[in-house]
Structure formats: structure tokens, C-alpha cells
Asker: 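The structure follows.
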Amino acid sequence: MLDIRFVRENAEAVQKNAQAKGYDVNINELLKWDASKRQLQQQADMLRERRNEMSASMKGGKPSEDALREAKIVKEELNAVEASLKEAEATFTDLLKKVPNMALADVPVGATEDENVVAKKVGEPKHFDFEPKSHAEIADLRGWLDKERAAKVTGSRFAYLKGDMVMLQFALIQFVMSKLSDQAFIDEVIRENNLNVSNKPFLPILPPFMLRTELYDAMDRLEPRDDRYKIEDEDLWLQGSAEHVLGSMHADEIFTEADMPRRYIGYATSFRREAGTYGKDMEGTFRMHQFDKLEMESLGLAENGLEEHLFMVAIQEKLMQLLEIPYQVLMKCTADIGKPNARGVDIEAWLPSQNTYRETHTADYMTDYQARRLKTRVRRADGSIELIHTNDATALPLSRGPIAIVENHQQADGTVHVPEVLRPYLGGREIL
RNA sequence: GGAGAGGUGGCCGAGUGGUUGAAGGCGCACGCUUGGAAAGCGUGUAUGCGGGCAACCGUAUCGCAGGUUCGAAUCCUGUUCUCUCCGCCA
């Protein structure tokens, strides 16, 4: 949620920004409700003041009939004003929640994701002297995947992973957790990219996979709800990304400045209904209802937020380079960064079977937009309190990460060459 | 799932209808004291909203949501979380 004071002072820019991001909001109407809400609040405060005065004068003794009568009138007036106030607040909050976060100045303006801008390409797509297979074909050949039985048990977009595909996934988890919690690795990424950020390593987290409606909504990740799985008879939803449960864990807390930033590397099985994607990406495990993901989350000071965002992208790139996967980096345009985002970067991995780059990572910088509703704050050294800035980014998606590895490192016979950095986590094996 | 107890400020903890936004203690900050430190003494120390250049003023908040009352941290209802015991269970 935006700061209403900011909206008041920058109404035109806020309206324009919403338009660029493709959200239909009416700032003038929001400001009308803001004004009437404030007016009602002042009325209510005055009536409460009167009520408090009267009740204070009554304490102890037996109040006179007149005093009681007047107090009752004040009470009735207050009840009426409070009812209107409540309504105005509900409408106001509803409208304010719909206003998307302001995009940073360097975010390209665009109406669809086709207007995302390629910032750079790293790594040469490998030339194969045979027809490269898709990950699904390789998995099929090697007995790594059973979607037919999954369909019997759970329906479409689920899978049983088997054998070395499972070993590969666990190796990747170990690899990423080890790197992100390692001081030397963090220092190296900072140095190589000339970043001015804290060198605190990430704390590994295994979070709950469900969260309450209120916190999901405060993260601004609940909508559209038809892409989420709701737990029947509970006020709980399955998370769609570890971000949802990592970012909300410090709701309603005030950090000390010295404690910033908080960096987490979470591992979670994530769930998405993929509403509206019928028929797309049905081959293999590219788009599933359930997929595991390693996710970075960082809570920190406002002035470090953007650099932290760049730091996370640098980590994503470093991991891709270590895994020897060619990729490109996209600056997402206004239409694609998402409602709570101020800036967004995607990484797309080269998939030989599709002869193109496909999305594997995303990095999101939300400024204080999420923190405002989460009430996650920091007490500065001078005693003042302000909202923190949130950043999240994929460290490695499990399904699309393994897909990229299998496809890019495949050999003519359907075996897969293991990137050197993963071998320690696979018992030294060079080939899967 | 059943029975019971309880959620108060950074922490501990008092408080069962009326200057209680909240005693007392701890912690923290500043000052005094000291050669220096400890101890001691003094002062200060929650968050949101509205108003004001500001000092500050008003208002709300004692898990959350309702209700009773002139007045609620205190009474009533619902709900949620924690703890103990029983049951079940990886």
C-alpha cells in the first residue's frame, strides 16, 4: 500500500503510474474519500473528547439527570459518526489498496510483457552436433518422470520425479544453501559487482507452507485468488512462493537499525493453480501446480533497498554462471513488474529444445509498499521509526533450474554432464 | 478432538468499572557523583491517526472482533494464539 500523504501530494503522478502499470484506479475518488474520512475522524475525535470530559466529571458521585441525559445524546451522536467513519475508512482503504506501487524511473514503460527490455545476455548457447532433446524427452528416456500416474492421483500438472532427477534437485538445494550462507561467496559477489551492500550472509529457512488470509493480503500477493489454493474450513492458503511466508514473518515488528538487513534463503514447495494457463507448457515439468523453489528475501533500510535488489540479481547471475547455463537478463516493463513492485528483473535461461530463453528467475523490489501493511519497521539510531524496504528474488527454481541443466548439459546418448560445482553434492559423479 | 489456565509497554510484572497509556522492577539513554569504574542519586524512555513551524494538543490502542455502560485493560459474547493434562499421531 502507498502512503496516502504521498498520494495527496503526487496525485497526478500516482494516477499516471497506475495507468502505465495497467491498473484501473481513480485517484480523485480516493482523495475524496480521504477527505471525508478525515473530516469524520475529526468529528469523532471531538465527540470522544466531549464524552471523556463528561464521564470524567461524573466519576465518584451520582451524576445528575441532566448530565446523564446529555451524555447519552453525545453517545448517540458518536455512534452515528463512528458508523459513517467506519464505512468511509473501509471504502478508503479498499481504494488505497488498489493503487499500485510507484515504478522507479529506470523501469521501461510498456503495455505488455513483450516490451520488457533485454539488459544483457551471458553465456553462448551451446552448439550441439546432434538434435538436442527437450527435458521431457530426456526424463522420459531416463525414467526420471512419471506424469501419467501423477495424473491418476492428483490430476494434470503434477509429477512423480524419480531417480537421478531427485538426486539433482537435492544437490541443487545443498549447493544454493551452502553458497548463500557462505561469507566468502557473499564477499565475492559484492566485490565482483562493485556493490555497496552489507556482506551479511543469508540465513537458511525452512518455512511453513501455509499462511493466513490477512498476511497474504498484506504482502499483496493474494490476488488473483483463483491462482491460489485455499485450505477448506481454515483461514489458510498454500503459499505460492517462499516470499509469501518469509516476507510476512516479521509483520508488526520493529527492528533495530543495527539488525538490518535481515537476509533469508528459504526453501519451500510452492503451489499455484495456474489459472488461465490451460494448454500452455504442458510438456515435462516446466509449469506445475507444485514446484520447489529456493527464494531469497531481504528486509532492510530504505536507502539500501535498490542496491540490495541489484545484489540479489548479481547472486542469481553468479549461480547461473556457476551452473554453466546461458541466460539473459530482462528489465521488466511497467506492465509486467507487478502491483507491489517498484522495479523487477527477470532472468531467462536458454532452453535448447525451444531454441529460446524462458523465465527461470525473478527479482522484486517493493520499496516500503509491502512493509506499510505488514507494519514491519525499523528504529533508527536517532530514535525515529520508519518502514523497512522489502526485496525478494528467486535463488533457484527447482524444476526450471533442473530443466535448464538437463537441456544445456545433455549428451547425445541422453546422459547429462554434471556442472563441476554440483559434483561434491552428487558423490563426485560427472555424469547423470 | 476433550478439560483447564493464560495473552498488559523492549523484557518481567501489578492492575476486576472512573485522572490507568497503564504501578513497581529490569533494560536502555542522558546528567550528577568518581582519579576511573561499579554502586548510588536524578531525569527520560510505546505505537498509529488528526491538528500545529514548533513546544505541544486531541484521539485511539492492554491478542483480535463485537456487546453492556455516562465511562471498560477491568463485565458479557465470539474468535485466535500460548501453556498444562487427556486422547490421537510422523
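All of these numbers come straight from a predicted model, not from anything done at the bench. Just the heavy atoms: all of them, side chains too, but no hydrogens, waters or symmetry mates, feed the values below.
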Asker: Counting side-chain heavy atoms from CB outward, which of A60(B), C70(B), G48(B) is closest to R48(A)?
Answerer: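 Per side-chain heavy atoms of R48(A), the pick is A60(B).
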Asker: Taking S298(A) as the fixed residue, which of R263(A), R262(A), E308(A) is the one that meets the side-chain hydrogen bond (donor to acceptor under 3.5 Å, both in side chains) rule?
Answerer: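 Looking at R263(A), R262(A), E308(A), the match for S298(A) under the side-chain hydrogen bond (donor to acceptor under 3.5 Å, both in side chains) is E308(A).
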Asker: Is there a side-chain polar atom (N or O) of N52(A) under 4.0 Å from OP1 or OP2 of U59(B)?
Answerer: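 Checking N52(A) against U59(B): at least one side-chain N or O falls below 4.0 Å of OP1 or OP2.
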Asker: In whole Å, I'd like the distance from the NZ atom of K37(A) to the C1' atom of G48(B).
Answerer: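 To the nearest whole Å, that distance equals 11 Å.
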Asker: Just to verify, which of R50(A), R51(A), K75(A) counts as forming a salt bridge (Lys or Arg N to Asp or Glu O under 4.0 Å) with E70(A)?
Answerer: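 So, applying the salt bridge (Lys or Arg N to Asp or Glu O under 4.0 Å) to E70(A) and each of R50(A), R51(A), K75(A), only R50(A) qualifies.
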Asker: Look through every strand shown and name the nucleotide pairing with G44(B) as Watson-Crick or G-U wobble, where both distances are under 3.5 Å.
Answerer: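 Across any shown strand, G44(B) pairs with C28(B).
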Asker: R377(A) has a side chain; which of G71(B), G48(B), U59(B) sits nearest to it?
Answerer: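 Closest of the options to the side chain of R377(A): G48(B).
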Asker: Indicate the ring-plane relationship of F158(A) and H289(A), choosing parallel, tilted or perpendicular according to the 30° and 60° boundaries.
Answerer: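 Plane angle between 30° and 60°, so tilted.
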Asker: Taking only side-chain N and O atoms of R38(A), does any of them lie within less than 4.0 angstrom of OP1 or OP2 on G51(B)?
Answerer: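 Yes, within the criterion.
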Asker: With heavy atoms under 4.0 Å as the rule, sort R372(A) into base, sugar-phosphate or nothing.
Answerer: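 Here R372(A) touches no strand at all.
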Asker: For Q41(A) and for A67(A), find the nucleotide of RNA chain B with the closest heavy atom, then tell me which residue's nucleotide is more 5'.
Answerer: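 Its nearest nucleotide being more 5', the pick is Q41(A).
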Asker: For M46(A) and for K86(A), locate the closest nucleotide of RNA chain B by heavy-atom distance; then report the residue assigned to the nucleotide nearer the 5' terminus.
Answerer: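 It is M46(A) whose nearest nucleotide is closer to the 5' end.
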Asker: Is there a donor and acceptor pair closer than 3.5 Å between the side chain of D45(A) and the base of G58(B)?
Answerer: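 Under the 3.5 Å cut-off, the side chain and the base do form a donor-acceptor pair.
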Asker: Rounding to a whole Å, what distance do you find between M210(A):CE and U80(B):P?
Answerer: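 It is 16 Å, rounded to the nearest whole Å.
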Asker: If you check the E49(A) side chain, which of C81(B), U59(B), G51(B) turns out closest?
Answerer: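 Selected nucleotide (nearest to the side chain): U59(B).
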